[in-house]
Amino acid sequence: MTGTAKAGTAGQRRAVFAVDQDAALAALEQAWADGGYHAFSAGHGTWSAIGGAGEVLTGATPGELDRKIRAHWQAMQ
């Protein structure tokens, strides 16, 4: 077992647990933009978003960021 899986284009390989960063950012934006969150980004192992009042929310993975945004959104309701 090599720990890689085929990516979208022929001959290109990506680690099995590697995240498609562009797709994950697009999914987060689609899910949360209407809730007032924007400026989704990822770099150097940190995923982030900015809330409507300027709060910076961060997570180590897209899933962790999603959970933090959800908790923040619920606290604001």
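By convention here, the first residue in the shown sequence is residue 1. No experiment lies behind these values; they were computed from the predicted model shown.
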Flag yes if Ile50 and Leu25 sit in one hydrophobic cluster, no otherwise; membership is Ile, Leu, Val, Met, Phe, Trp, Tyr, and two members link when side-chain heavy atoms are under 4.5 Å apart. no
Measuring from atom CD of Glu29 to atom CG of Asp34, what distance do you get when rounded to the nearest 0.5 angstrom? 10.0 Å
Applying ring-ring contact (aromatic ring centres under 6.0 Å, His included) as the test, list every pair that has at least one member in residues 40-68; sequence neighbours left out. none
Taken in chain and number order and not counting sequence neighbours, the residues that satisfy salt bridge (charged side-chain N to carboxylate O under 4.0 Å, His left out) with Arg70 are Asp66
4.5 Å side-chain heavy-atom contact, Ile69 and His72: no
Under 3.5 Å donor-acceptor, Tyr37 side chain and Leu28 backbone: no
Taking Gln30 for the side chain and Ala26 for the main chain, is one N or O donor matched with an acceptor at less than 3.5 Å? no
How long is the gap from CG on Leu57 to NZ on Lys68, to the nearest 0.5 Å? 8.5 Å
At their closest point, which heavy atom of Ala24 faces which heavy atom of Val19, and how far apart are they? CB-CG1, 3.8 Å
How long is the straight-line distance from CG of Leu65 back to OG of Ser41, given to the nearest 0.5 Å? 9.0 Å
Distance-only polar pair, side chains of Ser48 and Thr58, donor-acceptor under 3.5 Å: no
